[in-house]
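Chain A is the first sequence line, chain B the second, and so forth, proteins listed ahead of strands; every chain is numbered from 1. The basis for the numbers below is simple: all heavy atoms, side chains too, and nothing from hydrogens, waters or symmetry mates. Keep in mind that this is a model prediction, so the values were computed, not measured.
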Number of protein chains: 2
Amino acid sequence: MVELAQELGVSTATVSRALNGSPSVRPELAQRIRDHAEARGYVANRLARALSANVSRAFVGCVIPYVDTPAYSAVVAECARLLSADGTQMILTITENDPERELQQLKELVASRVAGMIIAPSTHILDASKQLLSALPVVEFHRACGIDAPGVFSADEHAMAEAVLHLAALGHTRIGYLGTTEKLSNGPVRLRGLRRGVELAGLDLDGLPMRLLEPTKSNGQRGAAELLDLDRPPTALIVGGGALSIGAAQEVRERRIQVPSELSLVVYGDPSWFALSDPPLSRITVSYEDLARRAARLLISRLEGRQSTRAGDGAGADDVQLVPAELHIGGSTAPLAARQG
Amino acid sequence: MVELAQELGVSTATVSRALNGSPSVRPELAQRIRDHAEARGYVANRLARALSANVSRAFVGCVIPYVDTPAYSAVVAECARLLSADGTQMILTITENDPERELQQLKELVASRVAGMIIAPSTHILDASKQLLSALPVVEFHRACGIDAPGVFSADEHAMAEAVLHLAALGHTRIGYLGTTEKLSNGPVRLRGLRRGVELAGLDLDGLPMRLLEPTKSNGQRGAAELLDLDRPPTALIVGGGALSIGAAQEVRERRIQVPSELSLVVYGDPSWFALSDPPLSRITVSYEDLARRAARLLISRLEGRQSTRAGDGAGADDVQLVPAELHIGGSTAPLAARQG
DNA sequence: GTGAAAGCGCTAACAC
DNA sequence: GTGTTAGCGCTTTCAC
């Protein structure tokens, strides 16, 4: 940059102003400087810029447990898109649901002076992590960890209740549930929906076979196996969780259980193949695209808010958005009678 | 940091050395400094560090067309994992296959002084982009763009030929091919495999219905539709591309075409549901985990090489690794006779 | 409207 | 071993 200045016979300050589009430099000169910079193939050093202008939007952090599932990759994609248009770069870190790793990564993001973060917290987030998060503009999604921040979540309760009622209406009374552990924020939500459905259907919750596990594919397989191995296995199974659903579907398939004649199945999540599978699975879906868009926008507005008002922690959890989950009836749920037929 | 130094009555240089584990500081002092820093909740500024130590491994760039497909997300996940262990942060950018956007993002990564990049080039990469890439330690994967850099690719030729021979052995002669455009590096490779299979099977290539398209899901749907709408539609269809396969499978399903009795289908890629679908699809798979691991390791070794040797452009394309694709026979391919039966 | 100079937070010579 | 000092490449007062 100092070279540019010399070659043009101006000061570095002027170059800086021209490149940043400051109005206080003669338009003609500014253009000349920009052209010369372009011609020379000059690329400003973001690091120096961020260091100098002590507050910057050079980077934001994106912290997720996994990237290979649509629930998270949609948010990654959307953030990358919007932030890129904003001139901000996204540092992606993957926790694999390990709280220690999460804390470590949060520290490093703070060290990089990220302007903000978007995070799907790990299952057992550490207090130290929460503390780091509370000092920055943060948006959380999918999972809430009890910090004072805006977020975007799926509203599963209603669809869960509907799923129970749907099965009950088909004559099922032994309905199994495979869901995420209550330690995750969405575990209790889905369970609440299930309870409500059970209640409305006049069934007995205590009698229902149930497994609550950490949301992984292998747990889905394990949980489904356990439920199916019961003395009196359920005639219908509701899975409340994306990864769990994939595992459960796999287990059912491997056991060559006929769906829906031997077992009615309701899965959770949006992989396109749920609809493509044969029969198309009855499923509870959330528009991850919608959720992602909201989350990304929220983050950007938070960044802007912070910049102007410096409101800091005040601008807290007032903006929590919910994306409703919906029950889609496919061909994997059928009247109980069909089982004996 | 200057505060830390004052509080401990030492110089900032000593603090810096202690924090970086320099051997030239008394161990006891070093520990005291680290403890104090910890207690004060001090986090070093990576930006300043990277700016000062003029060469740094603070950041690397990861540039991919999409993130919601296992071919790319696997690499993202693996890089994030390995780099994180390495103390390096990954800046992720998504090109959506747009060359302009790609160039823009590469510029910004250079501006952030990334230590290196890992990239799956967009379809029509610009010369300016190549030029930027040639100045850095770069690893490419999935697609080659003709720069002098190591890379990891799938070796599809053999499996493609096998697929043709498999179908030919089942009696099919009108075999359709839906593949990626020849402008992508893997388009010609797969086509070459196809040609070889056709030749070995004693079929006539010119007679084969074929569509070569940009690899997107919607193109998969469109291409399949076009092939199926031909006056004499193929009795077997090979799809050479992950996204194309999903679209094609969708189209076939929507048309309620019976597989394999009405159409034999070979898809490409590794989504778990290909195997779970009914019937399980015959497919050409690549171990994306393996590919990802190799790519990530290659990047890290490139970073280290650069640091010590400063060999620069010399350390070029000498390290190209291939991960073999494999044909798995599922239930979606059957003898031609079955069609009339 | 433009230049000179101070400084962002750190590292790396170089002295002692 | 440790302190002093000069930068890294920018932005941003403050003068002019």
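- Summarising the geometry, the separation between CZ on A:R17 and C1' on C:dG1 is reported as 8 Å, rounded to the nearest angstrom.
- Where B:A30 and A:M1 each meet DNA chain D at their nearest nucleotide, the meeting point lying more 5' is that of B:A30.
- If you check every strand for non-hydrogen atoms under 4.0 Å, B:A50 touches nothing.
- Between the CG atom of A:L51 and the P atom of C:dG7 there is a distance of 14 Å, given to the nearest Å.
- Within the 4.0 angstrom heavy-atom criterion, base atoms lie near B:A13.
- Running 5' to 3' along DNA chain D, contacts with non-hydrogen atoms of chain B at under 4.0 Å begin and end at D:dG1 to D:dG9.
- Contact annotation for A:R46: no contact, since no heavy-atom pair falls under 4.0 Å across all strands.
- Side-chain polar atoms of A:R46 and B:S112 form a donor-acceptor pair below 3.5 angstrom.
- Here B:S16 reaches the OP1 or OP2 of C:dT11: one of its side-chain N or O atoms lies under 4.0 Å away.
- Listed pair B:N20 / C:dT11 meets the phosphate criterion, a side-chain N or O lying under 4.0 Å from OP1 or OP2.
- The shortest side-chain heavy-atom distance between B:Y72 and B:V67 does not fall under the 4.5 Å cut-off.
- Heavy-atom nearest nucleotides on DNA chain C were determined for A:P23 and for A:T12, and the one closer to the 5' end corresponds to A:P23.
- Across A:Q105 and A:T95, no two heavy atoms sit closer than the pair OE1-CG2, 3.4 Å.
- Take B:R40 and apply the salt bridge (charged side-chain N to carboxylate O under 4.0 Å, His left out) test, not counting sequence neighbours, and it matches B:E3, B:E7.
- Under the 4.5 Å side-chain criterion, counting only non-hydrogen atoms from C-beta, A:H142 is in contact with A:Y288.
- At its two ends the helix from C:dG1-D:dC16 to C:dC16-D:dG1 runs along axes set 30° apart, each axis drawn from five pairs and the angle rounded to 10°.
- Under 3.5 Å, the side chains of B:Q31 and B:D35 contain a donor-acceptor pair of N or O atoms.
- The separation between B:L47 atom CG and C:dC10 atom P is 11 Å, rounded to whole Å.
- Of the N and O atoms on the side chains of B:E108 and B:Q104, at least one donor lies less than 3.5 Å from an acceptor on the other residue.
- Contacts of B:L29 with the nucleic acid, taken as non-hydrogen atoms under 4.0 Å apart, involve only primed sugar atoms and P, OP1 or OP2.
- Heavy atoms from other residues, nucleotides or ligands lying under 6.0 Å from CD of B:E96 number more than 12.
- Contact annotation for A:V10: backbone-only contact, meaning every heavy-atom pair under 4.0 Å involves sugar-phosphate atoms and none involves a base.
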Please assess B:T123 against B:R143 for the test side-chain contact (heavy atoms from CB on, under 4.5 Å), listing each intermediate value before the final yes or no.
CA-CA 8 Å; B:T123 318; B:R143 305 163 167 186; 4.2 Å; yes
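- Neither OP1 nor OP2 of C:dA4 sits under 4.0 Å from any side-chain N or O of A:S11.
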